[in-house]
Amino acid sequence: MSRGHRVVPHTAGIALEAWADGREECLAEAARALVETFADVGDAVPDHCDTIALAEETDEELLITLLDEVVREVERSGRVAVDVSIDERTGATEGQVEMRLATVPLETVGRAGASPAPISREGLRFGRESGMWHAHVVIGL
């Protein structure tokens with residue numbers, strides 16, 4: 001499976017780019033890219049896990065909601081995601097996505113930059129291109 005992410009300069013701040021064979025993997029890669037902008041999690045071992053059910057109307061809204069949850073976790077509880085997994089839900093919750101954030105206290109990891117800034121909808125892209133899922137998100141500084 002091919003997957004990855006990178007953070008690149010952007011005129012409004014920085015841009016996160018993620019790619020993967022599947023939608024869920026691409027979402028997780030985008031979340032990992034966001035975390036890398038402010039924390040160096042290295043080989044941190046999570047000691048807590050939060051599960052959140054998301055039901056957004058579009059793939060782009062799902063991406064923004066996921067990234068907002070990663071930011072809220074830092075603001076709300078002082079915890080940073082060191083692992084992210086996304087699964088489609090079935091049965092009574094069909095149409096929802098289950099997001100699991102495995103976290104550690106922010107003070108236990110290295111700081112790589114300032115806390116995450118607002119995520120822009122300008123230039124937002126998330127979808128299949130050339131047989132793979134790709135995400136592009138701009139974060140202001």
Side-chain angles (χ1 to χ4, degrees), residues 1-129 131-141:
M1 175 163 31
S2 178
R3 62 192 288 173
H5 62 267
R6 66 183 180 162
V7 178
V8 296
H10 187 276
T11 55
I14 56 173
L16 310 177
E17 297 178 353
W19 57 91
D21 292 332
R23 182 176 83 145
E24 293 77 18
E25 293 85 8
C26 191
L27 286 164
E29 287 295 329
R32 289 182 188 102
L34 174 61
V35 168
E36 286 180 10
T37 68
F38 65 91
D40 180 6
V41 298
D43 293 330
V45 177
D47 62 1
H48 182 75
C49 186
D50 283 323
T51 302
I52 302 159
L54 306 173
E56 305 304 329
E57 291 187 22
T58 68
D59 289 330
E60 290 83 6
E61 288 175 4
L62 180 61
L63 175 61
I64 291 291
T65 301
L66 165 65
L67 298 178
D68 283 343
E69 283 296 327
V70 170
V71 171
R72 271 195 287 278
E73 189 70 21
V74 173
E75 294 171 346
R76 183 174 49 224
S77 64
R79 299 186 68 82
V80 61
V82 296
D83 190 36
V84 177
S85 61
I86 311 290
D87 291 312
E88 292 286 339
R89 299 185 78 185
T90 58
T93 58
E94 188 171 355
Q96 291 184 340
V97 172
E98 184 175 271
M99 174 182 70
R100 285 177 301 288
L101 296 178
T103 64
V104 296
L106 184 57
E107 65 269 7
T108 65
V109 298
R111 295 294 291 208
S115 292
I119 297 161
S120 173
R121 295 188 187 287
E122 186 175 329
L124 173 68
R125 294 188 309 274
F126 182 53
R128 283 186 70 75
E129 298 173 17
M132 290 187 69
W133 281 84
H134 293 268
H136 177 89
V137 180
V138 175
I139 299 178
L141 294 179

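Across all their heavy atoms, L16 and V7 have their closest contact at CD2-CG2, 3.8 Å. Residue P105 comes nearest to D47 through the heavy atom pair CD-OD2, 3.8 Å, listed as atom of the first residue, atom of the second, then distance. In this structure, W133 and D59 approach most closely via the heavy-atom pair CH2-OD2, 3.4 Å. A pairwise comparison of heavy atoms in A31 and V70 identifies CB-CG2, 4.1 Å as the closest pair. Nearest heavy atom pair, residue I86 against residue A28, reads CG1-N, 4.2 Å. Summarising the geometry of C26 relative to A18, their closest heavy-atom pair is SG-O, 3.6 Å, with the distance given to 0.1 Å.
With a 4.5 Å cut-off on side-chain heavy atoms, L63 and I119 do not count as touching. Side-chain contact between R23 and V97 is present, with at least one heavy-atom pair separated by less than 4.5 Å. No side-chain heavy atom of V104 sits under 4.5 Å from any side-chain heavy atom of V41. The closest side-chain heavy-atom distance from R76 to E69 is below 4.5 Å. Residues F126 and L27 meet the side-chain proximity criterion, which asks for heavy atoms closer than 4.5 Å.
Screening T51, D87, D50 against R100 for a side-chain hydrogen bond (donor to acceptor under 3.5 Å, both in side chains) leaves a single residue, D87.
With rounding to the nearest 0.5 Å, the separation of CZ in R6 from CD in E36 is 13.0 Å. Interatomic distance, R125 CZ to H136 NE2, rounded to the nearest 0.5 Å: 4.5 Å. Residue T108 holds its OG1 atom at 7.5 Å from CZ of R79, rounded to the nearest 0.5 Å. Distance CG/L34 to CG/D68: 9.0 Å, rounded to 0.5 Å. Rounding to the nearest 0.5 angstrom, the gap separating the CD1 atom in I52 from the CG atom in L101 is 5.0 Å.
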>> Go through it in stages, so that I can follow the logic: the residues are L106 and R111, the test is side chain to side chain contact (heavy atoms under 4.5 Å, CB included), and I'd like the CA-CA distance, side-chain angles, deciding distance and then a yes or no.
In response: CA-CA 8 Å; L106 184 57; R111 295 294 291 208; 2.8 Å; yes
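No salt bridge links E75 with R72; every basic N to acidic carboxylate O contact stays at or beyond 4.0 Å. A salt bridge does not link R3 with E24: every distance from a Lys NZ or Arg NE/NH1/NH2 to an Asp or Glu carboxylate oxygen is 4.0 Å or more.
Remark: R128 CZ is packed, more than 12 non-hydrogen atoms of other residues, nucleotides or ligands lying under 6.0 Å away. Shown here is E122, whose CD atom has no more than 12 heavy atoms of other residues, nucleotides or ligands within 6.0 Å.
Although no hydrogens or angles enter the test, the distance criterion places a donor-acceptor pair under 3.5 Å between the side chain of R32 and the main chain of V84.
For the residue pair E73/S77, the side-chain donor-acceptor check at 3.5 Å is satisfied.
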